[in-house]
Novice: 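Okay, here's the structure, questions in a sec.
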Amino acid sequence: MRKVVHRAARKSYRSYEAVFAGRARYRRAVPVEIRRSARRTRSVSAYREGDRTIVLIPARMSEAEERRWVGVMLEKLAAKEKDKERRATRGDAELAERAGRLSAQYLDGRARPDSVRWVTNQNSRWGSCTPAEGSIRLSHRLQGMPEYVVDYVLLHELAHLLVPGHGPAFWRLLEAYPRTERARGYLEGVVAAARLPHPPDGGPAA
């Protein structure tokens, strides 16, 4: 008679994954939760859930195979996250160069931000500017929109480094950009379609 081995559908423990800091590589302990499923026959997948890593495996997988696959999936996730970070850094550098070109072309080079980057935590604003820090942040929701729209939002935030608020002096700075009205119309259409709250100043949420 064949012996049936019953394994827990879920269990948690700590494993180790590779972490990259520049060119250096080291290992760190990470909480791992194993979730076995009878519906899975061969496939293995993993994802992050808070500070834990969830690994989904077939119910019949042996303990040895489980340990091997946890290591494989942790390596894959770490490599994927490193690649994502690398692409984000490159994207921020390109955005900063873009800001420099726009400032030179439309603001006589007077707006000189110390940092310009994409962020994922701005869901009701297209961009933001902190003049005291010289920092500009653009919402990741702009990615994929027409370039003239991204240029407008970036120029909008660059202008805030020179003039706070949305008074006449501010809008005069944007008159040099020929697609201001077209870009504002595009963003207003996106806002209306998504039913996002309209900004109090009547302009785009930037």
Novice: Going by heavy atoms in the side chains, are Leu161 and Asp114 under 4.5 Å from each other?
Specialist: no
Novice: A cation-pi test, strictly: NZ or CZ of Arg184 under 6.0 Å from the centre of the six-membered ring of Trp171 and no more than 45 degrees from its axis. Yes or no?
Specialist: yes
Novice: Is the His160 ring parallel, tilted or perpendicular to the His166 ring (thresholds 30°, 60°)?
Specialist: perpendicular
Novice: Does one side chain, of Thr130 or Arg137, offer a donor that lies under 3.5 Å from an acceptor on the other?
Specialist: yes
Novice: Do Asn123 and His140 make a side-chain contact, defined as non-hydrogen atoms from C-beta onward lying under 4.5 Å apart?
Specialist: yes
Novice: If you group Ile, Leu, Val, Met, Phe, Trp and Tyr by side-chain heavy-atom gaps below 4.5 Å, do Tyr186 and Leu174 land in one group?
Specialist: yes
Novice: If you define the side chain from C-beta out and look only at heavy atoms, does anything of Ser115 sit under 4.5 Å from Glu133?
Specialist: no
Novice: Which heavy atom of Trp126 sits nearest a heavy atom of Leu142, and at what distance?
Specialist: O-CD1, 3.4 Å
Novice: If you measure from CG on Leu138 to NE2 on His156, what distance do you get to the nearest 0.5 Å?
Specialist: 10.5 Å
Novice: Does Glu175 come within less than 4.0 Å of Arg172, counting only side-chain N to carboxylate O?
Specialist: no
Novice: Could you tell me if the side chain of Leu74 sits less than 4.5 Å from the side chain of Val55, heavy atoms only?
Specialist: no
Novice: When rounded to the nearest 0.5 angstrom, what distance separates CD in Glu157 from OG in Ser135?
Specialist: 10.0 Å
Novice: When you measure from the side chain of Tyr177 to the backbone N and O of Tyr148, does any donor-acceptor pair fall under 3.5 Å?
Specialist: yes
Novice: Out of curiosity, does Met145 fall in the hydrophobic cluster containing Leu154 (side-chain heavy atoms, cut-off under 4.5 Å, transitive links)?
Specialist: yes
Novice: Give, for atom OG of Ser43 and atom CH2 of Trp69, the distance between the pair rounded to the nearest 0.5 Å.
Specialist: 9.5 Å
Novice: For residues Ala183 and Tyr152, report the shortest heavy-atom separation together with the two atoms involved.
Specialist: CB-CB, 3.5 Å
Novice: Side chains of residues 96-103: which donor-acceptor pairs under 3.5 Å do they make with residues two or more places apart or in other chains?
Specialist:
| unit_1 | atom_1 | unit_2 | atom_2 | d |
| --- | --- | --- | --- | --- |
| Arg98 | NE | Asp151 | OD1 | 2.7 |
| Arg98 | NH2 | Glu147 | O | 3.3 |
| Arg98 | NH2 | Asp151 | OD1 | 3.1 |
| Ser103 | OG | Ala111 | N | 3.3 |
| Ser103 | OG | Ala111 | O | 2.7 |

Novice: Could you tell me whether Arg112 atom CZ has more than 12 heavy atoms of other residues or ligands within 6.0 Å of it?
Specialist: no
Novice: Could you tell me the separation between the CZ atom of Arg68 and the OG atom of Ser62, rounded to the nearest 0.5 Å?
Specialist: 9.0 Å
Novice: If you define the side chain from C-beta out and look only at heavy atoms, does anything of Ile136 sit under 4.5 Å from Cys129?
Specialist: yes
Novice: May I have the step-by-step check of side-chain contact (heavy atoms from CB on, under 4.5 Å) for Val153 and Leu187, ending in yes or no?
Specialist: CA-CA 10 Å; Val153 177; Leu187 292 172; 3.7 Å; yes
Novice: What's the separation between atom CZ in Arg67 and atom CE in Met61, rounded to the nearest 0.5 Å?
Specialist: 12.0 Å
Novice: If you group Ile, Leu, Val, Met, Phe, Trp and Tyr by side-chain heavy-atom gaps below 4.5 Å, do Ile57 and Val72 land in one group?
Specialist: yes
Novice: Return the minimal non-hydrogen interatomic distance between Leu95 and Arg117, and the atom names on each side.
Specialist: CD2-C, 3.8 Å
Novice: For the backbone of Ala59 and the side chain of Arg36, can you confirm whether one donor and one acceptor N or O come within less than 3.5 Å of each other?
Specialist: yes
Novice: Under 4.5 Å between side-chain heavy atoms, hopping through other hydrophobics if needed: is there a path connecting Val44 to Ile34?
Specialist: yes
Novice: Are Val116 and Val119 grouped together when hydrophobic residues (ILVMFWY) are joined by side-chain heavy atoms under 4.5 angstrom apart?
Specialist: no
Novice: Minimum heavy-atom separation for Ala159 to Leu107, with atom names?
Specialist: N-CD1, 4.1 Å
Novice: Could you report the tightest heavy-atom contact between Arg40 and Pro58, atom names first, then the distance?
Specialist: O-CB, 3.3 Å
Novice: Identify the heavy atoms of Arg35 and Glu49 that sit nearest to each other, and give their distance.
Specialist: NH2-OE1, 3.4 Å
